[in-house]
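Worksheet: the structure to be examined is printed underneath.
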Amino acid sequence: MPSALVEKYFRADKLPQIWCPGCGHGIVTRAIAAAIEKAGLDKDKVCVVSGIGCSSRAPGYLDFNTLHTTHGRALAFATGVKLAHPELKVIVITGDGDCTAIGGNHFIHACRRNIGITTILYNNNIYGMTGGQYSPTTPKFEKGTTAPYGNIDKAFDVCNLASSAGATYVGRSTAYHAALLTSLVQNGLNNDGFSLIEAISGCPTYYGRKNKKGDAVNMMEWYKNHAVNIAAASKMTPEALEGKFLIGEFKNSPEPEYTSEYQKIIDRMKKER
Amino acid sequence: MPIRERLSGNEAIAVAMRQINPDVVAAFPITPSTEIPQYFSQFVANGEVETEFVAVESEHSAMSACVGAQAAGGRTMTATSANGLALMWEVLYIAAAMKLPVTMACVNRALSGPLNIHNDHSDSMGARDSGWIQLYSENNQEAYDNMLQATRIGEHKDVMLPVMVCQDGFITSHAVENIELLEDDKIKAFVGEYKPEHYLMNPKEKIAVGPLDLPAHCFEHKREQAQSMINAKKVILDIAVEFEKLTGRKYDLFESYKLQDAEVAIVIINSTAGTAKTVVDKLREEGVKAGLLKIRVFRPFPSNEIADALRHVKVLAVMDKAEGFSAVGGPLNADIRAALYGNADGIKTVNYIYGLGGRDVRSDDIETVYRDLLEIQKTGKVGADYRYIGVRE
């Protein structure tokens with residue numbers, strides 16, 4: 001029997017999902033459902049949009065209005081949904097390849113506009129669905145099927161990228177830190193403007209295997225042992241932070257949301273005519 | 001001595017690319033063509049080729065990088081499928097208009113939507129008017145052979161056009177079959193070095209590529225481009241003769257299979273031709289005069305040659321693995337009907353849309369088509385000429 005949460009928010013008849021054993025995507029997707037539950041959203045007022053890739057299969061399992069689009073373009077489609085129906089909670093589920101390579105342009109512009117879309121970026125550091133090619137978040141010198149001896153490209157820090165481009169809520173968690181992930185998504189949903197939550201999700205099949213990260217459990221342990229919450233990091237020495245990465249809430253600075261600003265122009269022009 | 005191997009269609013293309021050793025390959029992963037750049041990047045990493053491999057961030061960038069590299073005088077290749085090809089659209093036309101002989105392996109897949117990763121021809125059929133030469137392949141051997149010839153065809157001084165080598169996604173791209181490869185040195189000699197007449201960064205000749213071309217000259221340039229496509233037909237045939245001397249494998253603009261005395265025939269593209277040939281053989285044993293015409297070169301379209309080959313046929317089915325949405329049937333049907341009109345009139349012709357989104361096409365389906373043709377021949381009544389086979393209605 002599926003849990004009450006799964007029963008309520010998932011298309012249970014579509015389960016089990018197709019992700020590989022040990023993939024973190026199921027945990028991340030459940031965390032999104034848990035955040036929606038905690039945020040107390042009306043299911044019928046939520047639209048989940050995705051692009052192409054492993055992450056983008058998630059809306060197939062989620063029981064909301066869902067829109068599965070083309071590679072990299074989820075945010076462009078979602079922008080249309082939000083402008084047509086500003087009252088909807090629009091959630092974009094995307095991946096590192098989808099959002100920061102082919103869809104990178106849409107990403108920075110959605111951030112810049114601060115449009116009311118909550119984006120959860122499942123970052124598994126690889127193109128999983130097509131067989132493990134290196135992506136813009138594959139760490140430098142790590143391997144992919146298109147970089148058998150190591151990738152020389154510098155990886156994006158997607159949280160820094162979103163912050164710099166203008167997103168008003170930014171946070172990072174991992175599939176291991178599911179409770180934190182849930183609260184970040186919940187806060188993101190409560191932010192009127194553009195929110196980016198990076199969910200680091202292990203790909204034992206390609207990224208893990210190519211880079212000798214061990215099995216799914218080893219990858220989870222790595223997240224557990226190497227993630228430092230930003231709140232704790234400020235009290236740590238640079239030596240203690242060596243080799244660690246930050247999780248937690250990085251930015252929470254609300255600004256006027258795009259569709260409401262748009263409406264203000266319409267209202268003003270109607271009044272002046 | 002030719003090398004006997006067992007390879008998938010994707011591997012066969014990657015091996016051909018390794019043997020050609022292009023200067024630049026730029027590609028982005030998309031199912032089912034992903035394996036081609038993946039195998040190839042391994043060749044690059046292992047130093048088996050001297051190619052610069054560019055792992056770009058989208059197909060639009062892949063084709064753009066190919067255009068840049070080719071304009072700079074490099075021999076350039078890429079591979080893609082479906083939405084990847086669609087994303088290249090803008091740059092496809094530019095490659096053709098700039099007379100840049102980029103070679104592309106197109107692994108045919110249904111173009112979204114609905115979102116689907118399996119085979120039909122809706123991707124490359126949409127690109128048929130982009131100015132690219134299109135070669136189609138029934139199996140892995142033909143994909144390999146076409147890829148080897150494509151570079152020669154595109155780079156011929158009378159042509160200078162980009163070439164797309166198509167094969168069916170998964171059906172031939174992933175199925176492992178026997179194949180006969182040529183030795184590397186023979187390919188090297190056959191393909192030769194790419195020596196473009198004009199290219200960027202040439203200290204002896206500074207040129208502008210892609211400038212604004214207004215009404216004073218644009219039409220002449222398009223006419224010149226059209227002439228290159230006309231010229232391509234002879235070049236394709238000449239290179240096929242040369243290739244036959246090298247390999248013993250004969251290529252033409254299309255393949256006629258038991259067509260010479262056929263009364264009922266079908267026209268088809270890519271892997272289903274293999275299925276159809278077994279049906280033709282079966283019907284021939286029953287005494288039915290069945291035949292088949294398999295398109296190899298779809299652009300330039302060999303209108304007159306096709307009309308000559310089909311002239312004697314009584315009833316014809318044109319098989320389209322791409323929907324035409326109330327055009328004159330599917331894209332192949334429209335071209336075949338136009339080729340026959342005024343050239344070989346009086347052939348009763350029906351069009352079948354088949355296999356969309358990877359729907360399996362069995363020999364029974366093809367046999368049904370031939371039985372329908374025999375019925376038309378018997379009754380003289382064509383009935384609906386825009387038909388579907390294998391769909392639930």
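Protein chains get the first letters and strands the later ones, always in sequence-line order, with residue 1 at the start of each.
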Considering only heavy-atom distances, could you tabulate the donor-acceptor pairs under 3.5 Å between chain B and chain A?
{"unit_1": "B:Gln38", "atom_1": "OE1", "unit_2": "A:Gln133", "atom_2": "NE2", "d": "2.5"}
{"unit_1": "B:Gln38", "atom_1": "OE1", "unit_2": "A:Thr145", "atom_2": "OG1", "d": "3.4"}
{"unit_1": "B:Ser41", "atom_1": "OG", "unit_2": "A:Thr145", "atom_2": "O", "d": "3.3"}
{"unit_1": "B:Asn46", "atom_1": "OD1", "unit_2": "A:Tyr149", "atom_2": "OH", "d": "2.4"}
{"unit_1": "B:Glu57", "atom_1": "O", "unit_2": "A:Ile102", "atom_2": "N", "d": "3.1"}

Report summary line: Under 4.5 Å to a heavy atom of chain A? For B:Phe28 that would be side chain
Query - Residues B:Ile30, A:Ile52; criterion side chain to side chain contact (heavy atoms under 4.5 Å, CB included); working and verdict - result: CA-CA 10 Å; B:Ile30 183 164; A:Ile52 295 290; over 6 Å; no
